[in-house]
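Since the structure is predicted, the reported quantities are computational estimates derived from the model, not experimental observations. Chain letters run A, B, ... following the sequence lines, proteins first, then strands; residues in each count from 1.
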Amino acid sequence: MAESAAWVLALDHQLRAAVGEREMAHLIEAPTLLEVPRSPFYCWQVLVWNETVLPAMDLAAWLRGQPMQRQQPLAGVFAYQTRPGADPEYGALLLSGIPTRTRVDDDQVCALPKQPSSWQTLAISCFRQGDQPIPILDLPYIFSGGLL
Amino acid sequence: MALADLQATRAFAVLTLDGRKWLLPQAEIQALESLLDIDREVRIPHSVGAVAFAGEWWPVYCLSGELQLLQRPPDGRRACPLLDNGADRFGLVCDQVETLTVAPRLLAPPACMALPDSPIQALVLLNDELGCVTTTEHLAALLAAVVENVDG
């Protein structure tokens with residue numbers, strides 16, 4: 001039985017998702033977010049990180065189909081590769097809480113949540129933690145423009 | 001003009017619209033006029049008037065900081081650069097126009113933010129602010145699309 005480590009992310013007060021342990025690079029409390037005009041409602045800000053700008057993606061807004069008000073923003077910086085062997089690229093996700101680390105066994109695999117139905121666009125798989133299904137995010141797809 | 005061409009551009013003008021900073025190649029700024037030079041009686045559809053320059057009438061448009069077409073200039077607009085890339089010629093009323101003294105480092109817009117019709121070709125960090133790089137060509141295309149939507 002294979003076991004691996006993951007980070008469970010709070011996308012908002014209710015929605016949870018996970019990424020692989022090595023995909024989360026940094027966590028920024030109260031990030032300085034800069035608005036980019038004429039950008040999607042779920043990704044209309046960037047944050048400055050390591051002398052470059054990263055998209056600040058609000059997946060909860062995308063899943064719910066409307067912009068979200070965030071009181072105390074928290075941003076996670078995540079690494080992804082668009083193909084094997086490629087240099088890592090980075091993007092940020094807006095979060096509602098500090099990510100929690102967990103270990104996942106193969107026997108925890110489960111179906112994606114039925115609602116919101118758009119989970120199937122974002123997720124490559126899903127595991128169960130207690131009673132809650134936790135979709136695993138497809139970061140290359142999300143940050144490469146797959147949601148446009 | 002592609003990102004690679006823009007990266008070879010040394011001089012940029014910063015056009016401030018409602019506090020937002022839009023950068024264009026300095027070479028595309030043909031002249032800088034005052035709002036007092038705009039003849040509001042010369043009615044070109046969706047423009048706020050026109051400026052007589054080099055023997056021609058140049059239509060002048062007013063855009064918000066988000067590049068939405070406005071029917072009249074908001075308070076605070078003081079300058080009117082005339083943009084010319086050889087194919088498109090028009091004026092744009094701005095809060096302010098400055099020239100960057102140092103060539104900025106252009107950053108590609110994140111792929112997940114680039115809407116198909118976005119005029120933003122690059123992003124630039126200007127101290128604690130973000131500037132958006134565009135060109136006269138992209139602004140002209142945006143104006144044409146906006147006018148078509150309004151008329152359509």
Side-chain angles (χ1 to χ4, degrees), chain A residues 11 25 30-63 67 75-83 86-94 118 121-122 137-148, chain B residues 3 7 14-24 62-70 74 92 94-95 102-135 138-146 149:
Chain A
L11 302 181
T32 300
L33 298 169
L34 304 171
E35 293 179 17
V36 178
R38 304 186 77 85
S39 48
F41 72 90
Y42 54 85
C43 191
W44 54 283
Q45 296 167 308
V46 293
L47 62 83
V48 181
W49 187 72
N50 282 356
E51 298 183 349
T52 190
V53 292
L54 303 183
M57 179 82 72
D58 188 338
L59 288 181
W62 187 84
L63 283 161
V77 175
F78 298 89
Y80 63 95
Q81 288 176 296
T82 52
R83 56 185 165 76
D87 286 339
E89 297 181 49
Y90 297 90
L93 296 178
L94 297 181
S118 42
T121 304
L122 297 184
L137 296 176
D138 184 350
L139 293 176
Y141 182 80
I142 290 167
F143 286 119
S144 299
L147 305 185
L148 289 172
Chain B
L3 179 60
Q7 282 171 330
V14 183
L15 280 54
T16 306
L17 301 172
D18 299 340
R20 284 200 193 283
K21 295 189 183 303
W22 290 87
L23 280 69
L24 277 89
C62 185
L63 297 172
S64 71
E66 302 273 339
L67 301 189
Q68 304 293 329
L69 191 64
L70 302 176
L92 200 61
C94 302
D95 304 341
V102 178
R105 188 165 70 96
L106 271 52
L107 305 166
C112 58
M113 303 180 81
L115 292 171
D117 60 349
S118 175
I120 299 173
Q121 301 304 295
L123 300 174
V124 169
L125 289 171
L126 301 167
N127 298 320
D128 293 334
E129 291 182 275
L130 193 69
C132 299
V133 180
T134 188
T135 66
H138 286 93
L139 289 180
L142 178 136
L143 282 167
V146 169
N149 280 342

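- With a 4.5 Å cut-off on non-hydrogen atoms, Leu147(A) does not touch chain B at all.
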Pair up each side-chain donor or acceptor in residues 104-124 of chain B with any protein partner under 3.5 Å, not counting sequence neighbours, and list the distances.
residue: Arg105(B); atom: NH2; partner: Glu51(A); partner atom: O; Å: 2.1
residue: Ser118(B); atom: OG; partner: Ile120(B); partner atom: N; Å: 3.1
residue: Gln121(B); atom: NE2; partner: Pro119(B); partner atom: O; Å: 3.4
residue: Gln121(B); atom: NE2; partner: His138(B); partner atom: NE2; Å: 3.2

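- Put simply, the side chain of Arg38(A) gets close to the backbone of Leu67(B): a donor and an acceptor are under 3.5 Å apart.
- Asp128(B) and Leu34(A) make their closest contact through O-CD2, 3.6 Å (heavy atoms, listed as atom of the first residue, atom of the second, distance).
- Contact annotation for Leu17(B): neither backbone nor side-chain heavy atoms come within less than 4.5 Å of a heavy atom of chain A.
- For Leu125(B), the part lying near chain A is the side chain, with the backbone staying farther off; criterion is any non-hydrogen pair under 4.5 Å.
- Contact tally against chain B (heavy-atom pairs below 4.5 Å) for Ser144(A), Gly145(A), Gly146(A): the top residue is Gly145(A).
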